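Reviewing the structure listed below.
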Amino acid sequence: MQERYNFSEIEAKWQKEWEQEDLYKVTEGDEKEKYYCLEMFPYPSGNLHMGHVRNYSIGDVLARYKHMKGYNVLHPMGWDSFGLPAENAAIKHGIPPAKWTLDNIENMKKQLISMGLSYDWGREVATCLPDYYKWTQWIFLQFYKHGLAYKKKSYVNWCPDCATVLANEQVVNGACERCDTPVEKKSLEQWFLRITDYAQDLLDSIPDLKGWPDKVKIMQENWIGRSEGAEISFTVEKTGKKLPVYTTRPDTTFGVSYLVLAPEHPMVEELIAGTEYEEPVRKFVRNVQQMSEIARTSAETEKEGMFIGSYVINPLNQEKVPLWVANYVLYEYGTGAVMGVPAHDERDFMFAKKYDLPIRVVIQPKDQELKVEEMTTAFVEDGVMVNSGKFDGLPNQEGISAVAHYLEEIGAGNVKVNFRLRDWLISRQRYWGAPIPIVYCDKCGAVPVPDEDLPVRLPLDVEFRPTGESPLNNIPEFLNTTCPCCGGPARRETDTMDTFICSSWYFLRYADPKNAEEAFNKEKANYWMNVDQYIGGVEHAIMHLLYARFFMKALNDFGLVDVREPFQRLLTQGMVLKDGTKMSKSKGNVVSPEEIINKYGADTARLFILFAAPPERDLEWSDQGVEGCYRFLNRVWRLVYNYVKDENIKKAEAKAELTKDDKDLRRLLHGSIKKVSEDIGERFTFNTGVSAIMELVNGLYHYRDKAEQDPALLKDAIDSLLILLAPFAPHISEELWHALGHQTSVHTQAWPEYDEEALVAEEVEVVLQINGKVRDRLKVAANLSREELEKTVLAMEKAQQNMQGKQVVKVITVPGKLVNIVVK
RNA sequence: GCGGGAGUGGCGGAAUUGGCAGACGCGCUGGAUUUAGGAUCCAGUGGGAGACCGUGGGGGUUCAAGUCCCUUCUCCCGCACCA
């Protein structure tokens with residue numbers, strides 16, 4: 001055994017060895033219980049960053065731990081490899097996207113391997129390869145065949161910089177999630193998936209996600225945004241047509257003083273055509289539509305509107321109220337029209353004040369009387385209905401359903417549930433994605449590509465121009481095809497799918513990655529799913545995690561798999577920061593994993609990133625902290641080195657009886673086993689797990705200084721130490737394990753069990769408190785009875801001093817912990 | 001504005017069920033070793049000379065509060081005209 005810890009030699013050696021032995025290969029159907037440990041697969045940007053290191057270190061500790069605990073562990077890795085950066089590289093550097101992507105994968109895979117991660121590389125998938133996207137296309141067609149994929153013309157979010165449309169979820173504060181460019185609205189014909197059909201289901205099963213952080217569950221709940229209310233039909237006076245509005249407050253319907261349409265509402269144009277309002281209203285609508293999404297959807301934006309010259313009839317009281325158009329009404333939500341009740345809605349109140357529209361109180365608070373002239377803000381709390389005909393006197397909460405049901409009776413409305421969630425726009429006007437497998441025929445319309453013709457291959461020999469247009473439009477061999485229906489000439493769809501589609505089912509493909517006949521074998525998927533532990537960044541709280549849940553429910557409904565939720569437990573790791581902020585090139589505070597691994601080794605990098613903070617919290621990078629972890633591994637190395645070298649210890653006879661020092665070490669050892677097991681397996685607090693291992697090492701150093709040791713105990717402690725360390729620092733543990741003379745891998749050892757009896761201390765320290773404040777300490781026998789403990793502590797000098805001349809009110813004794821004397 | 005999370009030594013962080021605040025690591029101080037430095041090993045390290053005081057501030061419950069309740073401040077994250 002070498003005296004020095006030569007990490008680079010050791011790490012290379014064991015990485016090669018593990019690969020040759022195929023140590024991490026798994027197959028299904030083992031008699032062991034399965035455990036599916038999954039980390040979010042990366043986009044192959046070309047280089048690993050610290051966020052990846054953190055993500056994959058966490059996953060690897062869990063996977064290795066579960067493996068040693070006797071589970072059949074599936075721990076795969078792959079590549080989310082479609083996406084825009086590959087195209088940008090092509091435009092900028094003239095490298096074809098496929099080559100750029102595959103080169104990046106190769107490089108990143110090397111880096112992942114250099115971290116010593118326990119992946120079954122035989123299950124590697126890359127979403128950009130035809131053997132994967134064939135099945136992405138097939139799944140799309142399943143959605144299509146079940147009526148869950150459809151094409152419609154609508155106002156969609158367009159990012160001018162990315163030159164493509166975006167899903168609602170990809171618009172952040174009115175700007176493109178990727179490049180921060182303000183999005184524009186465009187009216188385009190696009191493919192959607194009917195995620196709204198699953199809105200209620202997605203919401204209802206959130207409480208079942210027991211192992212998910214509340215934060216993520218709440219975010220999803222808010223995103224789905226269920227609201228209960230009523231749809232109420234007003235009648236347009238001029239045309240007699242019904243104009244439905246959606247409201248959560250049908251109890252305020254008697255307080256309606258105007259109605260507002262969204263600028264995009266088709267009835268606007270219909271009602272102004274040929275009237276004196278035509279020109280000014282058109283101008284107003286145009287102005288609103290020219291506003292950026294950010295300005296338009298901000299709550300701070302001044303509410304502006306305009307009367308459009310028509311009136312509608314309130315179905316409850318037959319009142320005639322004016323019809324307006326205004327910038328604050330969203331066409332996409334509800335019916336695109338709202339009723340204005342200024343007295344009881346803040347926005348309506350502001351609007352009515354601005355345009356001098358009437359305000360009528362229809363809900364009175366219980367303890368005071370509202371006077372319109374005195375109101376400075378809308379009254380939105382609960383109260384009693386007034387000015388509401390036969391509903392007068394009814395508490396408004398009851399009024400909500402009473403009015404809704406009455407409207408239903410008279411045929412002027414119905415109870416209605418609305419969701420904020422919109423259907424998922426999946427078309428992208430980009431090249432580097434999975435082609436949507438549809439062809440357009442003049443005779444037959446949109447026709448799905450037959451399963452046997454899949455995959456619709458992405459042509460690889462393409463030319464990129466910085467026009468923003470998808471090159472697929474310029475490739476006749478791709479574009480022109482024959483109709484699968486009638487055999488006539490047809491055109492292919494040139495849009496590709498949102499890459500979130502590819503990542504919505506990859507965890508299923510890992511269960512059966514090589515299958516050429518199916519997306520995945522049902523039995524294999526049923527065996528491995530669902531994912532027992534999923535680990536990734538919280539930035540995916542909504543998009544990826546919601547889409548994947550939607551896919552799982554749909555695939556279950558298609559009968560392809562038995563489970564309905566993809567991820568049993570979810571761990572969202574915090575960011576890796578440097579100098580208090582996120583690492584970024586522009587700030588110049590990036591620490592590259594490669595650099596750290598070269599300087600200290602992967603084991604040190606892993607250990608530091610797990611030790612520096614609990615996984616959910618942000619982690620501040622510290623070069624000195626890394627140094628400390630490196631020192632610790634050296635300390636472990638020397639401990640084992642000295643042990644192996646010391647012939648006396650190995651020759652020593654086993655002792656008949658353990659001394660106090662022996663028992664202390666044994667208690668420390670078993671306490672460490674317990675702590676590390678719980679910290680990895682139950683609490684997911686790897687930082688305290690590492691600290692427990694450090695304490696064990698400190699204890700072993702002290703033990704080595706003792707005059708006599710128990711050789712059997714020492715050997716057991718050092719063996720166990722290496723097993724406990726193995727999930728965190730796999731290379732050094734393996735090397736030292738073999739240096740101790742073991743023939744098999746440390747990673748295939750059974751995780752040690754702790755002995756409850758060994759944990760029991762013979763002596764404990766108890767505390768003397770006076771009025772709750774610690775005044776003295778005392779070592780006593782651990783099994784001392786309550787009475788004896790109290791007697792002993794009360795007899796202490798400090799106790800006597802404090803009781804002198806005072807009245808003892810009471811004495812609280814907690815055996816094994818403390819005696820608190822309350823004096824007056 | 002709404003929702004969520006966090007404020008603990010010089011720093012990262014521990015304290016799992018209300019029971020010894022500051023585990024472990026960094027940094028710092030001292031000692032041993034060494035020609036010397038580095039490395040290593042050992043010891044010390046919240047503040048205060050001390051009685052004592054200490055978990056963002058104020059109040060409360062309790063024999064006992066970092067932990068529970070009320071209130072307030074600061075920071076971070078998510079959503080934000082969804083009728």
Side-chain angles (χ1 to χ4, degrees), chain A residues 172-174 213-219 221-223 225-227 229 245-249 252 260 262 296-303 326-330 332-341 344-348 350-351 418-422 538-539 541-542 574-575 580 607-608 611-614 616-629 631-632 634-635 638 675 678-679 682-683 685 687-695 697-698 701-702 704-705 765-777 809-814 816-823:
Chain A
V172 177
N173 289 329
D214 289 339
K215 179 191 166 88
V216 174
K217 290 197 274 191
I218 290 164
M219 281 167 76
E221 220 171 279
N222 292 340
W223 191 264
R226 184 183 198 271
S227 84
V245 300
Y246 175 73
T247 179
T248 53
R249 295 293 303 275
T252 65
V260 201
R296 212 184 136 175
T297 55
S298 164
E300 276 96 66
T301 303
E302 178 82 14
K303 290 171 189 26
N327 61 352
Y328 72 94
V329 179
L330 304 172
E332 303 87 30
Y333 186 77
T335 63
V338 297
M339 58 189 212
V341 187
H344 306 292
D345 181 282
E346 205 45 60
R347 294 155 301 184
D348 297 347
M350 277 156 59
F351 195 76
N418 245 317
F419 294 93
R420 209 189 78 115
L421 183 73
R422 312 287 152 79
V538 74
E539 65 273 18
I542 295 174
M575 283 189 292
L607 198 69
F608 168 72
F611 176 61
E616 311 249 0
R617 229 194 277 184
D618 285 350
L619 180 155
E620 174 69 26
W621 184 267
S622 155
D623 291 331
Q624 286 175 328
V626 176
E627 201 78 53
C629 288
R631 271 208 293 265
F632 168 71
N634 275 286
R635 202 166 145 80
R638 280 190 302 274
K675 176 87 179 129
E678 286 170 359
D679 283 351
E682 285 154 48
R683 297 209 313 148
T685 51
N687 56 329
T688 52
V690 173
S691 86
I693 297 174
M694 288 173 169
E695 282 178 87
V697 170
N698 291 343
Y701 265 83
H702 292 136
R704 290 297 312 269
D705 285 344
E765 195 178 64
V766 292
V767 183
L768 160 66
Q769 291 185 345
I770 306 295
N771 291 339
K773 297 207 169 86
V774 179
R775 286 294 174 262
D776 208 355
R777 291 152 205 281
V809 181
K810 66 167 130 169
V811 178
I812 287 120
T813 304
V814 184
K817 292 225 165 107
L818 55 84
V819 176
N820 186 12
I821 305 166
V822 185
V823 296

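To find a chain, count down the sequence lines: A is the first, B the second, and so on, and within it residues start at 1. As the structure is a prediction and not an experimental result, all values here were calculated from the model.
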Minimum-distance nucleotide to A:Arg631 side chain [options: B:rG19, B:rU40, B:rG25]: B:rU40

Nearest listed nucleotide, side chain of A:Lys215, among B:rG12, B:rG4, B:rA14: B:rG4

Sugar-phosphate, base or nothing in reach of A:Asp618, heavy atoms under 4.0 Å: sugar-phosphate

Side-chain donor or acceptor of A:Asn327 paired with backbone N/O of A:Glu302 under 3.5 Å: yes

Nearest to side-chain heavy atoms of A:Ile218, which nucleotide of B:rG4, B:rA80, B:rG12: B:rG4

B:rU29 and B:rA39, which share atom name P, separated by this distance in whole Å: 13 Å

Sugar-phosphate, base or nothing in reach of A:Asn698, heavy atoms under 4.0 Å: sugar-phosphate

Sugar-phosphate only, base, or nothing, as touched by A:Val767 at under 4.0 Å among non-hydrogen atoms: base

Touch class at under 4.0 angstrom, heavy-atom based, for A:Lys217 against every strand present: nothing

Atom-to-atom span, CZ of A:Arg420 to C1' of B:rG3 - whole angstrom: 12 Å

Nucleotide of B:rC42, B:rU16, B:rC63 approaching A:Asn820 most closely (side-chain heavy atoms): B:rC63

Residue A:Gln769, side-chain atoms from C-beta onward, closest of B:rA80, B:rG19, B:rA14: B:rG19

Nucleotide B:rA80, atom P - distance to CG of A:Asn222 in whole Å: 10 Å

Atom pair distance, as rounded to whole Å: CG in A:Asp623 and P in B:rC11: 19 Å

Touch class at under 4.0 angstrom, heavy-atom based, for A:Glu620 against every strand present: nothing

Sugar-phosphate, base or nothing in reach of A:Val329, heavy atoms under 4.0 Å: base

Residue A:Asp705, side-chain atoms from C-beta onward, closest of B:rC20, B:rC42, B:rG27: B:rC42

Sugar-phosphate only, base, or nothing, as touched by A:Glu765 at under 4.0 Å among non-hydrogen atoms: base

Nucleotide B:rC41, atom P - distance to CZ of A:Arg704 in whole Å: 13 Å

Touch class at under 4.0 angstrom, heavy-atom based, for A:Thr247 against every strand present: sugar-phosphate

A:Tyr333 side chain near B:rA83 phosphate (N/O to OP1/OP2, under 4.0 Å): yes

Touch class at under 4.0 angstrom, heavy-atom based, for A:Gly628 against every strand present: sugar-phosphate

Presence of A:Arg638 side-chain N/O under 4.0 Å of B:rC41 phosphate oxygens OP1/OP2: yes

Distance between C1' atoms of B:rG18 and B:rA64 (Å, rounded): 8 Å

Touch class at under 4.0 angstrom, heavy-atom based, for A:Arg296 against every strand present: base

Rounded interatomic separation in angstrom, taking CE from A:Met350 and P from B:rG1: 14 Å

Touch class at under 4.0 angstrom, heavy-atom based, for A:Tyr701 against every strand present: sugar-phosphate

Base of B:rC63 paired with side chain of A:Lys810 (donor-acceptor, under 3.5 Å): no

Exam field: side chain A:Asn418 to backbone A:Ser227, donor-acceptor pair closer than 3.5 Å: no

Separation of atom CG in A:Asp345 from atom P in B:rA83, rounded to whole Å: 10 Å

Sugar-phosphate only, base, or nothing, as touched by A:Ser227 at under 4.0 Å among non-hydrogen atoms: sugar-phosphate

Residue A:Thr248, side-chain heavy atoms: nucleotide from B:rC41, B:rG25, B:rA83 that is nearest: B:rA83

Chi class for B:rG9: syn within 90° of 0, otherwise anti: syn

Sugar-phosphate only, base, or nothing, as touched by A:Lys773 at under 4.0 Å among non-hydrogen atoms: sugar-phosphate

Side-chain N or O of A:Arg775 closer than 4.0 Å to phosphate OP1/OP2 of B:rA64: no

Sugar-phosphate only, base, or nothing, as touched by A:Leu330 at under 4.0 Å among non-hydrogen atoms: base

